2 protein chains.
Amino acid sequence: MTETRVERKERTRRAILDAALELCEGQPLAALSLRQVAKQVGVVPTAFYRHFESIDQLGLELVDESFSALRDLLKAARTFDTPPSSDRALFLAVVDNSVKALVSHVPRAERHFRFIARERLAGSLLVREAVRHQLELIERELATDIARVPGAGRWSADDLQILANLLVNAMLSHAEELALANGRPDVVRRIEDTARRQLHIVLIGALSWDSSR
Amino acid sequence: MTETRVERKERTRRAILDAALELCEGQPLAALSLRQVAKQVGVVPTAFYRHFESIDQLGLELVDESFSALRDLLKAARTFDTPPSSDRALFLAVVDNSVKALVSHVPRAERHFRFIARERLAGSLLVREAVRHQLELIERELATDIARVPGAGRWSADDLQILANLLVNAMLSHAEELALANGRPDVVRRIEDTARRQLHIVLIGALSWDSSR
DNA sequence: AGTTTCGGTGTACGTGTGTACACCGAGAAC
DNA sequence: GTTCTCGGTGTACACACGTACACCGAAACT
């Protein structure tokens with residue numbers, strides 16, 4: 001009625017995305033059928049094609065959705081108005097901020113992260129590549145941020161990349177655990193603590209690491 | 001003929017497991033149909049039930065198969081006839097041995113590891129739990145081995161667990177990369193190098209980490 | 001006011017699915 | 001040599017699937 005046509009279209013598009021995300025819980029996207037999604041939305045199967053040309057395309061959409069907020073959040077966690085002076089203090093602050101960002105954001109988009117965890121290695125080729133691409137972006141952004149800290153000269157470009165990879169992998173595995181924690185406060189706190197300590201260990205190791213060894 | 005009945009049964013059982021593993025490439029186990037597997041084996045669909053009561057049970061079998069050799073290999077990589085004297089030298093030797101074990105073993109069971117990577121987070125509840133259980137065993141075994149090195153007193157039980165978790169997660173992500181490398185020698189070498197450096201960084205960090213900080 | 005656009009409908013078809021059931025035939029047990 | 005066991009067969013059914021096609025009706029455009 002008072003609803004314009006594009007609004008209406010956007011609404012059922014969202015409904016399809018949400019339905020897919022919900023029906024996916026506990027099974028991979030590939031095991032999901034068009035008809036299940038359509039039924040959940042309350043729409044006839046063929047209507048699906050008005051919005052997505054395949055389940056795969058829907059998957060790509062969900063991947064983008066899942067990462068868009070997170071990447072900004074992580075980058076923000078590494079920018080300071082007045083950065084700590086020593087390398088060590090700076091790193092510890094970055095770890096704290098990043099872990100806090102993760103712990104606060106993941107539970108707010110739990111279903112999305114469970115989706116990512118599932119599809120990262122089990123999804124179709126296209127979806128897997130999309131996830132991998134996003135993770136590489138995060139890794140690269142982290143590497144360039146690390147390269148900017150005053151004492152970063154000690155690391156070669158190779159080692160920077162490797163360090164960033166180690167950090168992102170650790171964060172990823174904790175994000176996956178968080179997404180499976182169902183927001184239970186004690187579990188979340190334990191994961192948070194583990195993540196912080198692990199990242200500390202890594203950065204302490206990195207600080208006494210010399211690429212020209 | 002010259003083939004006994006149990007031999008024959010074991011043979012088609014193996015054929016079913018292999019067929020499942022092969023058909024699984026690029027899709028999750030849950031998206032696999034009984035009939036596809038049966039056709040691949042060259043057997044009528046209902047014959048499947050003579051060996052497994054469900055695809056899920058077949059999955060559990062594959063999980064056990066995948067891990068049984070690896071765990072022994074990793075434990076062996078941490079036992080020395082004459083262990084190095086300093087903590088640091090010991091750790092570096094352990095890292096080298098473990099990485100070598102991984103790099104030599106994973107490509108020999110590539111399909112199994114791709115299977116594990118896929119099912120670890122995307123499989124059915126039962127399969128996921130089986131994988132998680134195996135990983136926890138590896139983690140625990142690593143933690144007790146670390147606890148035995150002379151200078152391990154510096155770490156609390158908590159921190160030991162956390163350290164082992166960090167190491168296993170790093171190894172896991174590299175094992176997954178290896179399994180996807182399709183044995184391409186340059187890629188394998190790069191992964192091996194990355195893994196070794198990352199584990200070094202972690203252990204250097206751990207060595208200058210004090211639980212009572 | 002008349003026409004076009006387009007999200008959603010309803011029907012219909014061929015195919016693949018899990019599984020129930022009766023059956024077979026050769027190796028094992030007696 | 002007779003009987004039993006049991007891996008594998010063949011048929012059959014009800015169901016869910018993806019998708020092609022013609023159609024509808026209201027918003028959007030002219």
Side-chain angles (χ1 to χ4, degrees), chain A residues 1-62 118-119 122-127, chain B residues 1-62 118-119 122-127:
Chain A
M1 235 23 216
T2 67
E3 198 177 31
T4 167
R5 202 143 72 173
V6 296
E7 282 171 348
R8 167 116 192 134
K9 177 163 188 181
E10 179 52 30
R11 201 159 59 92
T12 74
R13 186 187 152 88
R14 258 261 63 83
I16 291 178
L17 286 164
D18 291 343
L21 208 49
E22 183 178 341
L23 289 172
C24 244
E25 292 280 342
Q27 72 182 318
L29 190 67
L32 202 62
S33 83
L34 212 105
R35 287 178 114 104
Q36 281 173 51
V37 178
K39 177 179 283 185
Q40 172 86 5
V41 177
V43 113
V44 97
T46 45
F48 178 91
Y49 293 113
R50 304 287 186 197
H51 303 272
F52 304 95
E53 73 175 24
S54 70
I55 294 265
D56 241 52
Q57 291 297 321
L58 183 154
L60 292 183
E61 196 72 25
L62 287 176
R118 256 178 281 118
E119 300 303 317
S124 71
L125 187 61
L126 252 69
V127 172
Chain B
M1 23 191 95
T2 67
E3 199 178 31
T4 169
R5 201 143 73 174
V6 296
E7 283 170 348
R8 166 115 193 135
K9 176 162 188 181
E10 179 53 29
R11 200 160 57 92
T12 73
R13 185 187 153 88
R14 259 261 60 84
I16 292 177
L17 287 165
D18 291 342
L21 209 48
E22 183 180 339
L23 290 171
C24 244
E25 292 280 342
Q27 72 181 319
L29 191 68
L32 202 61
S33 85
L34 211 102
R35 289 178 114 104
Q36 282 174 51
V37 178
K39 178 179 283 187
Q40 172 86 3
V41 176
V43 114
V44 96
T46 45
F48 178 91
Y49 294 112
R50 304 286 185 196
H51 303 273
F52 304 96
E53 72 174 23
S54 69
I55 294 266
D56 242 52
Q57 290 297 320
L58 184 155
L60 292 183
E61 197 72 26
L62 287 176
R118 256 179 282 119
E119 299 303 317
S124 71
L125 187 61
L126 252 70
V127 172

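Computed from a predicted model, the values in this text were never measured in an experiment. Only this structure's heavy atoms are used, side chains among them; waters, hydrogens and symmetry mates stay out. Lettering follows sequence order; numbering is per chain, from 1.
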d(Arg35(A) CZ, Thr46(A) OG1) to nearest 0.5 Å is 9.0 Å
Within the side chain of Ser33(B), is there an N or O that forms a donor-acceptor pair under 3.5 Å with the backbone of Gln36(B)? yes
What's the CZ-P distance between Phe52(A) and dT19(D), to the nearest Å? 15 Å
Mind calculating the distance between CZ (Arg11(A)) and C1' (dA27(D)) to the nearest angstrom? 15 Å
Got a donor-acceptor contact below 3.5 angstrom from the Thr12(A) side chain to the Ala15(A) backbone? no
Atom NZ of Lys39(B) and atom C1' of dG8(D) are separated, to the nearest Å, by 18 Å
Does dA28(D) have OP1 or OP2 under 4.0 Å away from a side-chain N or O of Thr4(A)? yes
Distance, rounded to the nearest Å, where Lys9(A) contributes NZ and dA27(D) contributes C1': 14 Å
Polar side-chain contact Arg8(A)-dG7(C) base: donor and acceptor under 3.5 Å: no
Does any residue of residues 13-27 of chain B have a heavy atom under 4.0 Å from DNA chain C, and if so, which ones, in number order? none
Classify the nucleic acid contact of Thr12(B) as base, sugar-phosphate or nothing, counting any heavy atom under 4.0 Å across all strands shown. sugar-phosphate
How many whole angstroms separate atom CZ of Phe48(A) from atom C1' of dT9(C)? 17 Å
Nearest to the side chain of Thr46(B), heavy atoms from C-beta on, is which of dT19(D), dG8(D), dT19(C)? dT19(C)
Value for CD (Glu25(B)) from CZ (Arg118(B)), rounded to nearest 0.5 Å, stands at 5.5 Å
Between C1' on dT17(C) and CD on Gln36(A), what's the gap in Å once rounded to a whole number? 14 Å
What's the closest nucleotide to the side chain of Tyr49(B) if the choices are dT19(C), dT19(D), dG8(C)? dT19(C)
Given that Gly42(A) and Arg50(B) both sit by DNA chain C, which one's nearest nucleotide is further toward the 5' end? Gly42(A)
Just one of Val37(A), Leu29(A), Leu62(A) clears the side-chain contact (heavy atoms from CB on, under 4.5 Å) bar with Leu21(A), so which one? Leu62(A)
May I ask you to verify if any side-chain N or O of Ser33(A) is less than 4.0 angstrom from the OP1 or OP2 atom of dC17(D)? yes
Tell me which nucleotide among dG8(D), dT19(C), dT19(D) gets nearest to the side chain of Pro45(A). dT19(D)
Answer with base, sugar-phosphate or nothing: what part of the nucleic acid does Val43(A) contact at a heavy-atom distance below 4.0 Å? sugar-phosphate
Residue pair Arg35(B)/Val6(A) against DNA chain D: nearer the 5' end by closest nucleotide is Arg35(B)
Can you check the Glu7(B) CD to dA26(C) C1' distance for me, whole Å? 15 Å
Would you kindly give the CD-to-C1' distance between Glu53(A) and dG18(D), to the nearest whole Å? 15 Å
Can you tell me how far CZ of Arg13(B) sits from CZ of Phe52(B), rounded to the nearest 0.5 angstrom? 4.0 Å
Any side-chain heavy-atom pair of Asp18(B) and Gln40(B) under 4.5 Å: no
Within this structure, what is the CD-CG distance for the pair Glu119(B) and Leu126(B), rounded to the nearest 0.5 Å? 12.0 Å
Assert: residue with more 5' nearest nucleotide on DNA chain C, out of Leu32(B) and Arg5(A), is Arg5(A)
